[in-house]
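Predicted model only: the values in this text are computed from it and were never measured.
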Amino acid sequence: MVQAQTLQHFGNGAREGDQTYFDPGAPPPFKIADIRAAIPKHCWEKSTLRSLSYVLRDVSMVTALAAAAIAFNSWFFWPLYWPAQGTMFWALFVLGHDCGHGSFSNSSKLNSFVGHILHSLILVPYNGWRISHRTHHQNHGHVENDESWVPLTEKVYKNLDNMTRMLRYSFPFPIFAYPFYLWNRSPGKEGSHFNPYSNLFSSGERKGVVTSTLCWGIVLSLLLYLSLTIGPIFMLKLYGVPYLIFVMWLDFVTYLHHHGYTHKLPWYRGQEWSYLRGGLTTVDRDYGWINNVHHDIGTHVIHHLFPQIPHYHLVEATKSAKSVLGKYYREPQKSGPLPFHLLKYLLQSISQDHFVSDTGDIVYYQTDPKLHQDSWTKSK
């Protein structure tokens with residue numbers, strides 16, 4: 001069965017559109033140590049001052065945009081403000097993400113302090129997210145053990161209620177999933193990023209989860225207080241809409257890290273899974289002008305294999321590793337100034353990538369042909 005599924009879903013070569021024969025589920029002819037050795041030593045070096053300079057840049061931009069919105073407070077300015085500020089919220093998240101990986105600095109205390117500030121400001125419980133994200137990296141590409149945008153097995157998929165199925169597989173609902181994921185995780189998994197007794201966390205991690213939940217609660221309380229003092233509509237315009245755009249960015253980018261390549265990529269179980277093979281199923285994306293804004297998070301394959309590398313070294317590290325990765329590295333399609341080209345891959349994946357087989361150690365997404373037919377029939 002593994003062989004049949006693999007043969008059915010042979011990938012293309014190293015570049016999208018290339019017709020070179022290549023099986024992405026085959027064990028790679030190299031080891032992770034070979035990739036590590038190809039990356040220059042300075043790419044592993046962390047500069048606290050450089051990392052803090054990015055924080056200063058992004059926080060200054062967020063502050064300036066908010067000050068301009070308050071000053072103008074016009075319907076001419078708000079439509080310009082919302083996507084700009086939402087994108088900057090997303091940039092703050094990525095810097096907090098680097099803190100969670102320890103790639104921000106060599107100081108765990110500084111990483112925790114900065115991470116809590118940045119993530120709390122955008123209503124993300126830092127430690128709760130950090131721990132589950134660590135689980136994602138440690139188990140990337142594993143059907144059952146991965147944590148982020150995991151595929152549903154056919155059994156779980158068929159047991160979804162109609163509302164959950166519609167929300168998960170009908171655009172634009174999936175790109176608003178993140179707040180719900182923080183509270184309830186994904187279908188088939190239990191727990192909450194806010195609950196220290198969730199099965200996401202060990203007993204030794206509970207104190208950190210409580211701290212992050214308290215920080216989240218303080219910011220939420222402040223936002224509610226501001227809504228009462230300056231008005232809920234104004235706070236919706238100033239913070240609420242940018243927050244939703246931040247959520248859209250997060251779900252859009254993280255989904256396409258692991259889905260939507262032109263040919264289906266494998267997911268693993270059992271003895272077929274390894275840290276290296278799972279990491280090689282991730283996909284790099286080009287976001288045009290946004291690459292610099294969101295700290296090259298689209299350069300994702302090397303990040304997944306070596307999350308200790310600071311974001312400002314990822315491009316160079318990737319270039320150096322390509323000679324080892326060969327066809328296991330899928331060159332991203334070049335973007336225009338804004339990454340509108342990625343929308344088609346998002347829409348295609350949501351409409352086709354529904355579940356994986358309940359059995360088999362190398363599996364690929366399958367499509368439920370009745371899903372959208374049923375939706376169409378109900379809408380008529």
Are more than 12 heavy atoms from other residues, nucleotides or ligands located less than 6.0 Å from atom CE of M235?
yes
Decide whether a cation-pi geometry holds between [X] and [Y]; the criteria are a distance under 6.0 Å from NZ or CZ to the six-membered ring centre and an angle within 45° of the ring axis.
| X | Y | value |
| --- | --- | --- |
| R206 | F201 | no |
| R330 | Y261 | yes |
| R277 | Y328 | no |

Checking side-chain polar atoms at under 3.5 Å, does N291 have a donor or acceptor matched by the opposite partner on R285?
no
Is a donor from one side chain sitting under 3.5 angstrom from an acceptor on the other, for Y312 and D296?
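No pair is found: no donor N or O on one side chain lies under 3.5 Å from an acceptor on the other.
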Between R134 and E205 (salt bridge meaning N to carboxylate O under 4.0 Å), is one present in this structure?
yes
May I ask you to say whether D353 pairs ionically with K264, meaning some side-chain N is under 4.0 Å from a carboxylate O?
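So D353 pairs with K264 through a salt bridge.
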Compute the ring centroids of H257 and H303, then answer whether they are less than 6.0 Å apart.
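They do not qualify: ring centres at least 6.0 Å apart.
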Might you work through the ring-ring contact (aromatic ring centres under 6.0 Å, His included) test for H140 and H300, ending with a clear yes or no?
CA-CA 12 Å; H140 47 208; H300 206 64; 9.4 Å; no
Knowing that exactly one of W149, Y365, Y345 qualifies, which makes a side chain to side chain donor-acceptor pair (under 3.5 Å) with H259?
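Result: among W149, Y365, Y345, Y365 is the only option passing the side chain to side chain donor-acceptor pair (under 3.5 Å) with H259.
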The single option from Y239, W82, Y178 passing ring-ring contact (aromatic ring centres under 6.0 Å, His included) against F89:
Y239
With a 3.5 Å distance limit and no angle check, can you tell me whether N139 reaches the backbone of H142 through a side-chain donor-acceptor pair?
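No, N139 side chain to H142 backbone: no donor-acceptor pair under 3.5 Å.
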